[in-house]
Number of protein chains: 2
Amino acid sequence: MPLDAETALADTPPGHKDELRLWLRLLTCANLIEAEIRRRLRVEFDTTLPRFDLLAQLERHAAGLTLGDISRRMMVSNGNVTGLAARLEEEGLVERRVSATDRRAQSLRLTPRGRREFARQSAAHEGWVAELLGGLGAAEREALHRLLGRAKASVQSGLQENGP
Amino acid sequence: MPLDAETALADTPPGHKDELRLWLRLLTCANLIEAEIRRRLRVEFDTTLPRFDLLAQLERHAAGLTLGDISRRMMVSNGNVTGLAARLEEEGLVERRVSATDRRAQSLRLTPRGRREFARQSAAHEGWVAELLGGLGAAEREALHRLLGRAKASVQSGLQENGP
DNA sequence: CCCCGATAGTTTAGGCTTCAACTATTTTGC
DNA sequence: GCAAAATAGTTGAAGCCTAAACTATCGGGG
C-alpha cells in the first residue's frame, strides 16, 4: 500500500504547518490524477501527457502556432518544445512551415491524422477526468474551483513581489 | 466516423466540461507552486525537489529506510530511487548500510551533514509555502483542505474500480 | 534439502525537462 | 545605414522518471 507525502507528515515543527499541509494535499491530489492520466494515455493510446498537451494547443489554433507560442502557452522551455515537436512531426501528427515574414519563426499545425488522433484522445481524456472527479457534487466542484482560483491569485501575487 | 476538429470540440458530450475546468485549474495551481519551489531550491540551495523530498523522508525516520520504503513513500519507481540515492550518497548527504538480516536490503540514513543541510532547506521551504499561500485566510485554507480531501477520496475510489 | 515464487535493488533504453550557450534573423536607436 | 539589442529556435549536458528485464537473496512447501 503506497503512502504519500501527506500521510507521512505526522508532525512538523511549529510555524506555518497549516499552509504546508494544504500544499502537500494539493500536490498529492494533482499527482494522483496526473499519474493516472499519464498511465491511461500510455496504455490506451501509446502516447504521453506532454504530447497530448501540445496537440491540444494546436487543436485550439487551427491557423498554427509558433514554437515560441507553444512554449509560452505550455509554460515550458523552448528547448523542450523543439524536441517535442520533432517527435510529433516524425510521427506525422504535426507539420511545420517556415513563416513567410520571419525566417526565424516556423508555425506548427496538426496534420489531418494528428487531428483525428487528438479527437480520439481528447474525448477519452475528458471522460477520465469526469470519472476521477465524479465523486464530488456540483456544488463541491464549484466551491473547489473558486477556492483554487483564490489560491492561484495568492501564489501569483507572491511571485510578483520578487519580480523582474 | 468522420468528425472534424470543430465537431469534436463543440460536440463533446455535455456535463463533463466542469470537471475538466476544475482539473485544469488544480493542475495550474499545483504547477505554479511547484515550479517556484523548484526554482528556489535551485538558486538558494543548488538542489532539486526530488532530492529534497528524499531527505525529508529520511529526516522523519532517523532509524533509516530501505530503498523500497522510500520508493513507496515517494510514490516513484525503485529504479528512480537507486539513482537519487547514488547522487545523494556521492554528495555526502546520505549513507547506506546493508541490512544485517537481509543481504538484499540496505537502509539509507542522513549523515550529520545531510541533517544540517536538510534543516536549512526545510525551514526555508516552509516559509516559501506560507508566503505563496499567504493570500488565503485561515478559513479559506481550511475549506480548501477539506475539499481537496474530498477530491482525493473521489480519485482514489475512481482508481480502486479498476484495481488489481 | 531443494525448488519456486516473492522481494530488494540495479540496469537499460527512452522520453521529458531545464539551463546555458549558441546560430540566425529581425528590430531598434542613433 | 548600421551596430547593438532583442527574438526564434537549436543544441548539449545533466538530472529526473518510467517500464521492463535482470541479478541476488529470502522464504516456504514439498
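For clarity, every value in this text was computed on a predicted model and none was experimentally measured. In the text below, chain A, chain B and the rest are named by the order of the sequence lines, each starting its count at 1.
Within residues 97-111 of chain A, the residues that place at least one heavy atom under 4.0 Å from DNA chain D are, in residue-number order, A:R104, A:A105, A:Q106.
Applying the side chain to side chain donor-acceptor pair (under 3.5 Å) test to every pair with at least one member in residues 61-72 of chain A, sequence neighbours left out, gives these pairs: A:H61-A:R73, A:T66-A:D69, A:D69-A:R72. Sequence neighbours left out, not one pair with a member in residues 19-51 of chain B passes ring pair (Phe, Tyr, Trp, His ring centres under 6.0 Å). The ring pair (Phe, Tyr, Trp, His ring centres under 6.0 Å) pairs that include a residue from residues 68-97 of chain B number zero, where partners must be two or more places apart or lie in different chains. Sorted by first and then second residue, the pairs that involve residues 26-35 of chain B and meet salt bridge (Lys or Arg N to Asp or Glu O under 4.0 Å), not counting sequence neighbours, are B:E34-B:R38. The list of side chain to side chain donor-acceptor pair (under 3.5 Å) pairs with a residue in residues 42-52 of chain A, not counting sequence neighbours, reads A:R51-A:E91. Within the structure, every pair that satisfies the ring pair (Phe, Tyr, Trp, His ring centres under 6.0 Å) test and touches residues 102-122 of chain B, not counting sequence neighbours, is listed here: B:F52-B:F118.
Remark: A:R97 pairs with no residue by the side chain to side chain donor-acceptor pair (under 3.5 Å) rule, at least two apart or across chains.
Nucleic acid contact for A:S71: none, since no nucleic acid atom lies under 4.0 Å from a heavy atom of the residue.
Note on A:R42: every side-chain N or O is 4.0 Å or more away from OP1 and OP2 of D:dT18.
For the atom pair A:H125 NE2 and B:L20 CG, the distance stands at 6.0 Å (nearest 0.5 Å).
Taking every nucleotide of DNA chain C with any atom under 4.0 Å from a non-hydrogen atom of chain B, the first and last of them, 5' to 3', are C:dA6 to C:dC19.
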Using atom types as modelled, flag every donor-acceptor pair under 3.5 Å from a side chain in residues 147-155 of chain A to any protein atom, sequence neighbours excluded.
from   : atom 1 : to     : atom 2 : distance (Å)
A:R150 : NE     : B:E140 : OE2    : 2.6
A:R150 : NH2    : B:G135 : O      : 3.4
A:R150 : NH2    : B:E140 : OE1    : 2.9
A:R150 : NH2    : B:E140 : OE2    : 3.2
A:S154 : OG     : B:L132 : O      : 2.6
A:S154 : OG     : B:G135 : N      : 2.9

Would you be so kind as to tabulate the donor-acceptor pairs closer than 3.5 Å made by side chains of residues 80-90 of chain A, with sequence neighbours excluded?
from  : atom 1 : to    : atom 2 : distance (Å)
A:T82 : OG1    : A:N78 : O      : 3.2
A:E89 : OE1    : A:R96 : NH1    : 2.9

Give me, pair by pair, the N or O atoms of the protein and of nucleotides 11-16 of chain D that are less than 3.5 Å apart, along with how far apart they are.
from   : atom 1 : to    : atom 2 : distance (Å)
D:dG15 : O3'    : B:R51 : NH1    : 3.2
D:dC16 : OP1    : B:T48 : OG1    : 2.8
D:dC16 : OP1    : B:R51 : NH1    : 2.7
D:dC16 : OP2    : B:R87 : NE     : 2.2
D:dC16 : OP2    : B:R87 : NH2    : 2.4

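Atoms CD1 (A:I70) and P (D:dA8) sit 13 Å apart, rounded to a whole Å.
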